[in-house]
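Contents: one structure, followed by commentary.
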Amino acid sequence: MGFKNVPMSTAKPSENKESLFDSKLRAEIDKWIAKYPQEWRQSAVMAALMLVQEGNGGYLTTELMDKVAAYLDMAPIAVYEVASFYSMFELKPVGKHKVCVCTNVSCMINGSDRIVEYLEKKLDVKLGQTSKDGKYSLKEVECLGACGGAPMFQIGNKYYENLTPELIDSILDGLE
Amino acid sequence: MANEVCFRNMDQDRPWLLEQYRSRGGYEVLTGILKEKRSPESIINEVKASGLRGRGGAGFPTGLKWSFISRNTPGQKYVVCNSDEGEPGTFKDRDVLRYNPHQLIEGMVIAGYAIGATCGYNYIRGEFWEPYERFEAALEEARAAGFLGKDLFGSGFDFELHSHLGAGAYICGEETALLESIEGKKGQPRYKPPFPAHFGLYGKPTIINNTESLASIPVILEKGGEWFKALGVENSGGSKLFSISGNIKNPGVFEIPLGTPFSELLEMAGGMKDGSRIKAVIPGGSSAPVIPGEQMMELTMDYDAIAKAGSMLGSGAVIVLDESNCMVKVLERMSYFYYEESCGQCTPCREGTGWLYRVINRIETGRGRPEDLALLDDMTTKIAGRTICALGDAAAMPVQGMLRHFREEFEYHIAHKRCLVG
């Protein structure tokens, strides 16, 4: 890495950006682009990937990543790098609800092993798998910064803390 | 004396609202600075006098960091807040964002004024959706009330502030990885020098500070650097947020003066759970070497006392372990974390963290070899200090700490293929 910082832009900015995403999605991505210097559209790549992922049932495809690259004037490889580096991006289909269980130290010593075991049994999946009906994916994650409420998990944008089997039942049974 | 700085509004109803913040004099420090046209040097000197040290974990003096920026260099400069809280055991910045976002905003605008920056970013970890929404709502309120934008209160000073959401990577808490991440790349740390003060975000002079550090600024300038410094002890000025978790009754975040005895902090957190006995404490996030419980009960919570005991205060994340814990299992989990989170850039860390995890895993699962502990000792010295960023050190230090204080548990595991505990 040198000390020169330039965007990893493609040689030629892509035209017809309007055709890449619908107007609502474009407006949301554009809100992020507007936060950064004009020549740094690529700063919006994480936000754009997250929005596109949400709109695609929780995971990214090569085609979608290519569209993000074109929209932000980036080389596709630069977008793949980002999508494969950060843990919140999914490159394979996931269940409707992604249950992200923290098993790091504070959660572990407060019984996250039992939480994982309970979830595996209840959902009939192992960590890293998606239930047969496609409703749930169970994912082990690193510290989510809520150790005061250990053991905890995240579903969608929401944290659930001080988990017990009873609480898990009521949370999961409340999801559509 | 608790809750004097970042948590001083915790007794309020919905303290995150602008009207609540202003009811206690919020943003008056900023407007005072702008109206008086206070000199940036005097602000930086006040921060220096406060003894504030970086609250993200490294403990670098904040005022000194600010003074590295040459204010008169033409061109854009940036203020970046590191809210990528991810050091296992740490959950304090989440509460600053949720409960006192305006104090952080005010601190960032003041920082911008002091270094001559007109733009700032707050990098919030992607999982922190609720804190992000709180912060965004506070930004809107601040903008509408004229605390952000162009020509603030007729002073000629502009400042715009945005949040940037991460997407899941511990390494982005490393300041240059965070800058790379804002630039839309993989979060891989940069070589230093040049430091961000000269070559930061988009190659421009940048200061990057932790959430708690920046949120402390308005209070420091309101009450004076000396006042803040006097809250703490020698070399550890001020109060600090401690996130305490583990086998304790009431885990949570407590703001207490630096230098407070650990025993008092433990008492505030309700003491040990279910009458269990304390075995060990990880005093500053999982990268900090473990300290045996008995020794910890004699220590005070400040940078020097914890350093003298062979560990570090880090981010103030205190993980308390009781006697039911097998230290091999605890270390195995921590090592897995560094293996998982290594960015893969430097060979000693990319390969070494995997080795550490695999060797500790085989000890934990009854396949340990007599020579494994010497192997671990050796490996840690070949990772620490040999990488671009501190993640290598962070992976090595907990191993060294555990082997220093709990070696017999590892030996027992290897010899008997099972735990000494339970």
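Since this is a predicted model, take the numbers as computed values, not measurements.
The candidate from B:His162, B:Glu85, B:Glu87 with the greatest count of non-hydrogen atom pairs under 4.5 Å with chain A is B:His162. By number of non-hydrogen pairs under 4.5 angstrom with chain A, the leading residue of B:Gly86, B:Ala269, B:Ser163 is B:Ser163. Contacts with chain B were tallied for A:Leu144, A:Val105, A:Val79; A:Leu144 has the most, counting heavy-atom pairs under 4.5 Å. In terms of heavy-atom pairs under 4.5 angstrom with chain B, the leader among A:Ala83, A:Ser84, A:Ser106, A:Ala47 is A:Ser106. Chain B forms the most heavy-atom pairs under 4.5 Å with one residue out of A:Ala150, A:Cys107, A:Ser87, and that residue is A:Ser87. Between chain B and the residues A:Gln154, A:Arg41, A:Met50, the most heavy-atom pairs under 4.5 angstrom are made by A:Gln154. Across B:Cys172, B:Gly187, B:Gly252, the residue that shares the most heavy-atom pairs under 4.5 angstrom with chain A is B:Gly187. When each of B:Val253, B:Asp322, B:Ile182, B:Asn250 is checked for heavy-atom pairs under 4.5 Å with chain A, B:Ile182 comes out on top. By number of non-hydrogen pairs under 4.5 angstrom with chain A, the leading residue of B:Gln76, B:Glu130, B:Lys185, B:Glu160 is B:Lys185. The residue among B:Cys119, B:Gly203, B:Pro88, B:Gly126 with the most heavy atom pairs within less than 4.5 Å of chain A is B:Pro88.
Between A:Lys17 and A:Asp73 there is a salt bridge, since at least one side-chain N of the basic residue sits less than 4.0 Å from a carboxylate O of the acidic one. Note on B:Arg125 versus B:Asp93: no salt bridge recorded, every NZ/NE/NH1/NH2 to OD/OE distance being 4.0 Å or above. In this structure, B:Arg94 pairs ionically with A:Glu161, as a charged nitrogen and a carboxylate oxygen lie closer than 4.0 Å. Look at B:Glu323 and B:Lys279 and you find no salt bridge, because none of the NZ, NE, NH1 or NH2 atoms lies under 4.0 Å from a carboxylate O. Salt-bridge check for A:Lys24 with A:Glu28: passed, with a basic side-chain N closer than 4.0 Å to an acidic carboxylate O.
Remark: the B:Tyr338 side chain and the B:Ser287 side chain contain an N/O donor-acceptor pair separated by less than 3.5 Å. Under 3.5 Å, the side chains of A:Asp124 and A:Tyr136 contain no donor-acceptor pair of N or O atoms. Side-chain contact annotation: B:Ser276 with B:Asp274, donor-acceptor N/O pair under 3.5 Å absent. Side-chain atoms of B:Ser181 and A:Tyr86 include a donor-acceptor pair closer than 3.5 Å.
Under the 30°/60° scheme for interplanar angles, the aromatic rings of B:Trp129 and B:Tyr132 are found to be tilted.
For B:Lys273, the part lying near chain A is the side chain, with the backbone staying farther off; criterion is any non-hydrogen pair under 4.5 Å. If you measure heavy-atom distances from B:Ile171 to chain A, the contacts under 4.5 Å come from the side chain alone. Residue B:Cys343 touches chain A through both its backbone and its side chain, counting heavy-atom pairs closer than 4.5 Å. Proximity to chain A (any heavy atom under 4.5 Å) is restricted, for B:Glu341, to the side chain, taken from C-beta onward. In this structure, the portions of A:Tyr36 lying under 4.5 Å from any heavy atom of chain B include both its backbone and its side chain. Interface residue A:Asn157: backbone and side-chain heavy atoms are both found under 4.5 Å from chain B. For B:Val320, the part sitting under 4.5 Å from any heavy atom of chain A is the backbone (N, CA, C, O) and nothing else. Of the two parts of A:Asn162, neither the backbone nor the side chain holds a non-hydrogen atom closer than 4.5 Å to a non-hydrogen atom of chain B. Heavy atoms of B:Glu340 lying under 4.5 Å from chain A belong exclusively to its side chain. Interface remark: B:Tyr121 contributes side-chain atoms only to the contact with chain A (heavy atom separation under 4.5 Å). In this structure, chain A has a heavy atom under 4.5 Å from the side chain of B:Asn325, while its backbone stays farther away. For B:Ser243, no part lies under 4.5 angstrom from a heavy atom of chain A. Interface residue B:Ile319: only side-chain heavy atoms are found under 4.5 Å from chain A.
Judged by the 6.0 Å distance and 45° axis criteria, B:Arg98 is not positioned over the aromatic ring of B:Phe128.
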For this session: List the steps, then state whether side-chain contact (heavy atoms from CB on, under 4.5 Å) holds for A:Glu81 with A:Phe85.
Result: CA-CA 6 Å; A:Glu81 280 190 353; A:Phe85 186 84; over 6 Å; no
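Under the 3.5 Å distance criterion, the side-chain polar atoms of B:Gln345 are left unmatched by any main-chain donor or acceptor of B:Ile388.
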